[in-house]
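Just so it is clear, the structure is predicted and the values come from calculations on it, not from any experiment. Order of the sequence lines fixes the chain letters, A, B, ..., with proteins taken first and strands second; residue numbering starts at 1 for each chain. The basis for the numbers below is simple: all heavy atoms, side chains too, and nothing from hydrogens, waters or symmetry mates.
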Amino acid sequence: MGDSKDGVKGKRVVFVTVGTTCFDALVKVVDSQQVKDELLRRGFSNLLIQMGRGSYLPTKSSGDDGSLAVDYFTFSSSIADHLRSASLVISHAGSGSIFETLQLGKPLIVVVNEDLMDNHQSELAEELAERRHLYCARPPTLCQTIAGMDLKSLVPYSPGDATRVAKLINRYLGFPEE
Amino acid sequence: MQIYRSREVGQSYVTSVWTTLVATVHALWLMIKIRPQVVLCNGPGTCFPLCVIAFIFKVVGIRWSSIFYVESIARVKKLSLSGLLLYKLQIADQFFVQWPQLQRKYPRAHYVGCLM
């Protein structure tokens, strides 16, 4: 999990994404002094928050005084560029966000939204965390996850492919095997 | 091409009865119009009326469509409601899951690994 493409002047960006959801608890905790200090301590310089439909507004900061530079926006048509220029991604547990990040080979902390009823999404995050492809946290435990994480120990995720399904379907429909 | 949803995320199950009926009528119209040979679906309740109709056609002898269902990659230990119904009622001709835990729990499913 290298971070060789960090952009100008050794910037190390943490990109936070909540997808199309409202996840104020995550945005709030990421904007807390505790978490910002921890990110700074772990060598990050910038924090960019995609806040989706949330109502909590983080505090912007230029970071000129040596503190963490903080910026935010609600939505963009594609977060791929933001993911690509990030050194760390902190995401809600949506499968789209998770796999888009893993396929780009970026270190990822997935934060599960405890306010969601029927939280089947957490199953995916927990399974991938067990396989060491990412870290899994809840808003109250995010700070200690950041403090204790070892990004180099994460196992790269190999993208899946649909060949197996295609073969089984073809076989069932009676198409000749290739 | 758009199709009506049986149920929106978070919609109450009571009102879902009506919206499912509407979706089913719409699905019936689409099935007759398109007569697909293959129905391939990946999950949310939207696919359920289509699969039921294709299945009923089969039962009465109209063998237009094979039905393939791929459960969502986000379903690791438990099936979605659509998946559970299609599996238990044996509506899908082939049922695919992306995690081994589900294949162990639902042995008639085919484990195909993560598709993403």
Is it the case that over 12 heavy atoms from other parts of the model lie below 6.0 angstrom from the [atom1] atom of [X]?
X	atom1	value
B:Phe55	CZ	yes
A:Gln34	CD	no
B:Lys88	NZ	no
A:Phe175	CZ	no
A:Arg132	CZ	no

Open item on the list: For B:Phe68, run the side chain to side chain contact (heavy atoms under 4.5 Å, CB included) check against A:Leu173, A:Val165, A:Leu168 and tell me which one passes.
Closed with: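 Result: among A:Leu173, A:Val165, A:Leu168, A:Leu173 is the only option passing the side chain to side chain contact (heavy atoms under 4.5 Å, CB included) with B:Phe68.
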Measure the spacing between [atom1] of [X] and [atom2] of [Y] and express it to the nearest 0.5 Å.
X	Y	atom1	atom2	answer
B:Ser72	A:His120	OG	NE2	6.5 Å
B:Ile73	A:Leu124	CD1	CG	6.5 Å
B:Arg75	A:Glu127	CZ	CD	14.5 Å

Using every non-hydrogen atom in the two residues, find where [X] and [Y] come nearest and quote the distance to one decimal.
X	Y	answer
B:Val76	A:Glu123	N-OE1, 3.2 Å
B:Leu115	A:Ala162	CD2-CA, 3.8 Å
A:Tyr157	B:Met116	OH-O, 2.6 Å

TODO: State, with a plain yes or no, whether a side-chain heavy atom of A:Arg164 is found less than 4.5 Å away from one of B:Tyr111.
DONE: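 Yes; the side chains approach each other to less than 4.5 Å.
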Open item on the list: Please say yes or no: joined through hydrophobic side-chain contacts below 4.5 Å, possibly via intermediate residues, are B:Tyr13 and B:Tyr4 part of one cluster?
Closed with: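 No, no single cluster joins them.
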- [ ] Is it possible for you to say whether B:Ile3 and B:Leu28 belong to one hydrophobic cluster, with membership spreading through side-chain heavy-atom contacts below 4.5 Å?
- [x]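 Yes; tracing contacts between hydrophobic side chains, which count when under 4.5 Å, links both residues.
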TODO: Examine whether an atom of A:Glu100 lies under 4.5 Å from a heavy atom of chain B, and if so say whether it belongs to the side chain, the backbone or both; otherwise answer neither.
DONE: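 No part of it gets close to chain B.
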Open item on the list: Please classify the contact of B:Gln98 with chain A as side chain, backbone, both or neither, using a heavy-atom distance under 4.5 Å.
Closed with: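 It is neither, since no heavy atom gets under 4.5 Å.
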